[in-house]
Colleague: 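Handing you a structure now.
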Amino acid sequence: MKKLNIDKRYMPLGTLLFSVITLTVSWYVSYPCFLRWLEGFSFFSTLPDFVQIHYHLPEDLLRYIGAFLLQFYSSPLAGALIQAGISVMFVSCIWGCVRRIFAEPEYMIWLAFVPLPFFVYYQLSDLTLSRSLAWVLFPAVVMLAVIMLTIRKKYFLRVPKFLKNAAMAIVLSFVLLLSSSAMLVKGNDLTRGYEEVAHLEYLGQNQKWDEILQTVSLQEAQTNEYQRRYALLALLNTGRLADHAFAYGLSGPDDFLFNNVQEPFCLGFNILFYKSIGMSNPAIYHTYQRSVQSTPGISFNTIRFLADSYLETGDYTLAKKYIDILSHSTCHRRWVKERLPRLEELRESLPSIHQTGPRFYLDSFLVDISSMYDRYPYDRRFADLLLCGVLSQKDGAAFYGIFEVVRKHIYPDGKGIPVLYQEALLLLASKHPEILNRHKIDETVWKRFADFTELMRQGKTAQAKRQYSGTYWAYVY
């Protein structure tokens, strides 16, 4: 059998290139939305005061470099390549030490990969890249020290005879590399959670509501506060909230939003919620709140949203302010160029929305939605939010009073009344039979209600709630 000959000269380069490819694919496949979110949560500008205000050099140099790199993460592939590149730089610095210490160092290249799984694991929780860059800096300094010490005598150690096997060195390197890749793909609970929520946020920003409902299962919606809110928002924007709200875990008006929570993903959802139903002022308010959560106190997501919001509302001064800020970003030239024509249109025009009273005044959720319904009585989304919110409070009387107003605008002919509203009307009709004279109930709903009440009468409450989970009746009882 012919012995396998491997040219030792190409072993280090080939191994490092394969490492870049493997780790890039692992990052890109496992965390595309998280990488994109990192860009939105960061900020970088070429303006001189950006450094003066947000960084104290030289101690913050690594944070500054991290901010520069993060702006390229708007492309998940570029972000994955940079993450992989940082890991391979770490390995390369250790390899530089091995290369100076050992004679025939190619057989010992696997030593450079030994700490890689730990580096990759801690890299997952580094949102600014500063710690990752610091970890690269440490072996880089050690490598320089080793080079200085080995100027006269290059090799200190000889490779043991049993390790002089090129194939074994490659296999060991690949095993360590694949272990690092597996650890990266598995991730930790925090980073996996970030990816899941960032994915839902990305789908919501692109109005892919059906994909959100395909992603979030009923069980997940009932147990996970992020997934429940995204599912309810997707139901709202697809006209299905009044059919499936309780199946997806609605238990009160607070389930529509995150209240009094200063956390970036929670505020990001609130922004998306208000934006999707056309309430620009609350969306802008939560955008300012989210901005201060980022490390520099301002972020690309914030500035992009504010610029677009003020372009939409016709506020030339504020729109120009935020577009000017982004014009000094390395990666936003095209984005800015696309919005300049609209900005020029606003130069001489008045705002399309005239502000009266406090811009960011917010009352309780149902009061705000009630005000929006008064203004837009034919927008079913506000009607559904209001009616489902009241139903979630188990307030049948309030529901019926509001429904009598809503039906005149949304259901004038009495047809197409959503299932949850029919279920609520049937339950109310047990005490007020005259309700059935005004509203038509589908035969299917009638039969289900008769079966539910029979099970309850027999004392089979658990079976009734299990068999008719997701109904208003099961929710009330």
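Only this structure's heavy atoms are used, side chains among them; waters, hydrogens and symmetry mates stay out.
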Colleague: How about OH on Tyr400, more than 12 heavy atoms from neighbouring residues, nucleotides or ligands closer than 6.0 Å, or not?
Modeller: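 Yes, because the 6.0 Å sphere around OH of Tyr400 holds more than 12 heavy atoms from other groups.
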Colleague: Drop me the distance from Leu425's CG to Ile417's CD1, to the nearest 0.5 angstrom.
Modeller: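 So the gap between those two atoms works out to 6.5 Å.
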Colleague: Mind running side-chain hydrogen bond (donor to acceptor under 3.5 Å, both in side chains) on Ser87 and Gln123 for me, showing each step along the way?
Modeller: CA-CA 9 Å; Ser87 298; Gln123 192 180 14; 2.8 Å; yes
Colleague: Quick one, Ser19 with Thr22, criterion side-chain hydrogen bond (donor to acceptor under 3.5 Å, both in side chains). Give me CA distance, side-chain angles, the key distance, then yes/no.
Modeller: CA-CA 5 Å; Ser19 301; Thr22 302; over 6 Å; no
Colleague: When you look at Phe256 and Cys388, which way does the side-chain contact (heavy atoms from CB on, under 4.5 Å) test go after all the steps?
Modeller: CA-CA 10 Å; Phe256 288 118; Cys388 289; 4.3 Å; yes
Colleague: May I ask you to decide if Asp324's main-chain N or O and Ser327's side chain share a donor-acceptor pair within less than 3.5 Å?
Modeller: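 Here the side-chain-to-backbone pair exists.
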Colleague: Counting distance only, does the side-chain N/O of Asp243 pair as donor-acceptor with the main-chain N or O of Val419 below 3.5 Å?
Modeller: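 Such a contact is found between Asp243 side chain and Val419 backbone.
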Colleague: Specify whether Phe258 and Phe269 have parallel, tilted or perpendicular ring planes, treating 30° as the upper limit for parallel and 60° as the lower limit for perpendicular.
Modeller: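 Plane angle over 60°, so perpendicular.
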Colleague: Is the closest basic N to carboxylate O distance between Glu196 and Arg192 below 4.0 Å?
Modeller: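 No, Glu196 and Arg192 are not salt-bridged.
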Colleague: Identify each donor-acceptor pair in which a side-chain atom of residues 130-139 lies under 3.5 Å from a protein atom, sequence neighbours left out, and give them as a table.
Modeller:
residue, atom, partner, partner atom, Å
Ser130, OG, Thr128, OG1, 2.8
Arg131, NH2, Ser125, O, 2.6
Ser132, OG, Asp126, OD2, 2.8

Colleague: Any donor-acceptor pair under 3.5 Å linking the side chain of Thr223 with the backbone of Gln219?
Modeller: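 Here the side-chain-to-backbone pair exists.
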Colleague: CG of Asn237 to CG of Leu213: how many Å apart, nearest 0.5 Å?
Modeller: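 Between Asn237 CG and Leu213 CG, I get 10.0 Å after rounding to 0.5 Å.
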Colleague: Quick one: list whatever passes ring pair (Phe, Tyr, Trp, His ring centres under 6.0 Å) with Tyr472, sequence neighbours left out.
Modeller: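 Ring pair (Phe, Tyr, Trp, His ring centres under 6.0 Å) check on Tyr472 returns Phe246.
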Colleague: Taking the inter-plane angle between the rings of His439 and Phe403 on a 0 to 90° scale, is it parallel (under 30°), tilted (30 to 60°) or perpendicular (over 60°)?
Modeller: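 If you compare the ring of His439 with that of Phe403, the planes turn out perpendicular.
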Colleague: Taking the six-membered ring of Tyr477 (Phe, Tyr or Trp), confirm whether the NZ or CZ of Lys465 is under 6.0 Å from its centre and within 45° of its axis.
Modeller: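 Ring-cation test returns no.
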Colleague: Show your reasoning for whether side-chain hydrogen bond (donor to acceptor under 3.5 Å, both in side chains) applies to Ser309 and Ser280.
Modeller: CA-CA 7 Å; Ser309 296; Ser280 59; over 6 Å; no
Colleague: Using the ring pair (Phe, Tyr, Trp, His ring centres under 6.0 Å) criterion, which residues pair with Tyr248? Sequence neighbours excluded.
Modeller: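 Scan of Tyr248 (ring pair (Phe, Tyr, Trp, His ring centres under 6.0 Å), adjacent residues dropped) gives none.
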Colleague: Got more than 12 heavy atoms from elsewhere within 6.0 Å of NZ, Lys440?
Modeller: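 Counting other residues, nucleotides and ligands, NZ of Lys440 stays at 12 neighbours or fewer.
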Colleague: Starting from the C-alpha separation in whole Å, work towards a yes-or-no answer on ring-ring contact (aromatic ring centres under 6.0 Å, His included) for Phe399 and Tyr421.
Modeller: CA-CA 9 Å; Phe399 163 79; Tyr421 301 164; 5.7 Å; yes
Colleague: Does a salt bridge link Asp379 with Arg381, judged by any charged N lying under 4.0 Å from a carboxylate O?
Modeller: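 The answer is yes: the pair qualifies as a salt bridge.
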Colleague: Quick one: are Gln422 and Trp446 in side-chain contact, heavy atoms under 4.5 Å?
Modeller: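 Gln422 does not reach Trp446 side chain to side chain.
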Colleague: Apply the test side-chain contact (heavy atoms from CB on, under 4.5 Å) to residues Leu420 and Leu387: give CA-CA distance (whole Å), side-chain angles for both, the deciding distance (0.1 Å), then the verdict.
Modeller: CA-CA 10 Å; Leu420 288 180; Leu387 289 169; over 6 Å; no
Colleague: From Arg228 CZ over to Leu250 CG, what is the distance, rounded to the nearest 0.5 angstrom?
Modeller: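 Rounded to the nearest 0.5 Å, the CZ-CG separation comes out at 8.5 Å.
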Colleague: Considering only distance and modelled atom types, tabulate donor-acceptor pairs under 3.5 Å from the side chains of residues 198-210, sequence neighbours left out.
Modeller:
residue, atom, partner, partner atom, Å
Asn206, ND2, Tyr202, O, 2.8
Asp210, OD1, Arg240, NH2, 2.6

Colleague: So with a 6.0 Å cut-off around CG of Asp189, is the heavy-atom count from everything else above 12?
Modeller: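 At most 12 heavy atoms, drawn from other residues, nucleotides or ligands, come within 6.0 Å of this atom.
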Colleague: In Å and rounded to the nearest 0.5 Å, what is the OG1 to CG distance from Thr317 to Asp315?
Modeller: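 With rounding to 0.5 Å, OG1 (Thr317) is 6.0 Å from CG (Asp315).
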Colleague: Counting heavy atoms not belonging to Met279, are there more than 12 under 6.0 Å from its CE?
Modeller: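 Atom CE in Met279 is packed in, count exceeds 12.
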Colleague: Should the pair Tyr468 and Phe452 be assigned to parallel (<30°), tilted (30 to 60°) or perpendicular (>60°) ring geometry?
Modeller: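 Perpendicular.
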Colleague: Quick check: does any side chain N or O of Asn224 sit under 3.5 Å from a backbone N or O of Glu220, one acting as donor and the other as acceptor?
Modeller: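 Side chain of Asn224 to backbone of Glu220, a donor-acceptor pair under 3.5 Å: no, none is there.
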Colleague: Hey, could you give me the OG/CD1 distance between Ser181 and Ile21, rounded to the nearest 0.5 Å?
Modeller: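 That separation rounds to 12.5 Å.
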Colleague: Is there a side-chain hydrogen bond (donor to acceptor under 3.5 Å, both in side chains) between Glu39 and Ser74 once you walk through the steps?
Modeller: CA-CA 6 Å; Glu39 182 271 343; Ser74 56; 4.9 Å; no
Colleague: What residues, two or more places apart in sequence or in another chain, satisfy salt bridge (charged side-chain N to carboxylate O under 4.0 Å, His left out) together with Arg438?
Modeller: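 If we apply the salt bridge (charged side-chain N to carboxylate O under 4.0 Å, His left out) test to Arg438, skipping adjacent residues, the hits are Glu404.
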Colleague: Is the Lys NZ or Arg CZ of Arg339 less than 6.0 Å from the centre of Trp335's six-membered ring, within 45° of the axis?
Modeller: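 Yes; both conditions hold, so Arg339 lies above the ring face of Trp335.
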Colleague: Considering residues at least two apart in sequence or located in another chain, which fulfil the ring pair (Phe, Tyr, Trp, His ring centres under 6.0 Å) criterion with Trp37?
Modeller: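 Trp37 satisfies ring pair (Phe, Tyr, Trp, His ring centres under 6.0 Å) with Phe41, Tyr194, Phe265 once adjacent residues are dropped.
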Colleague: With side-chain contact (heavy atoms from CB on, under 4.5 Å) as the criterion, how do Met372 and Ile277 come out once you've worked through the C-alpha distance, each side chain's angles and the decisive distance to 0.1 Å?
Modeller: CA-CA 10 Å; Met372 291 301 294; Ile277 60 175; over 6 Å; no
Colleague: Report yes or no: does Ser371 contribute a side-chain atom to a donor-acceptor pair with the main-chain N or O of Val367 at less than 3.5 Å?
Modeller: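 Confirmed, Ser371 side chain pairs with Val367 backbone.
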Colleague: Output the distance between atom OH (Tyr378) and atom NE2 (His409), rounded to the nearest 0.5 Å.
Modeller: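 Reported value, rounded in 0.5 Å steps: 4.5 Å.
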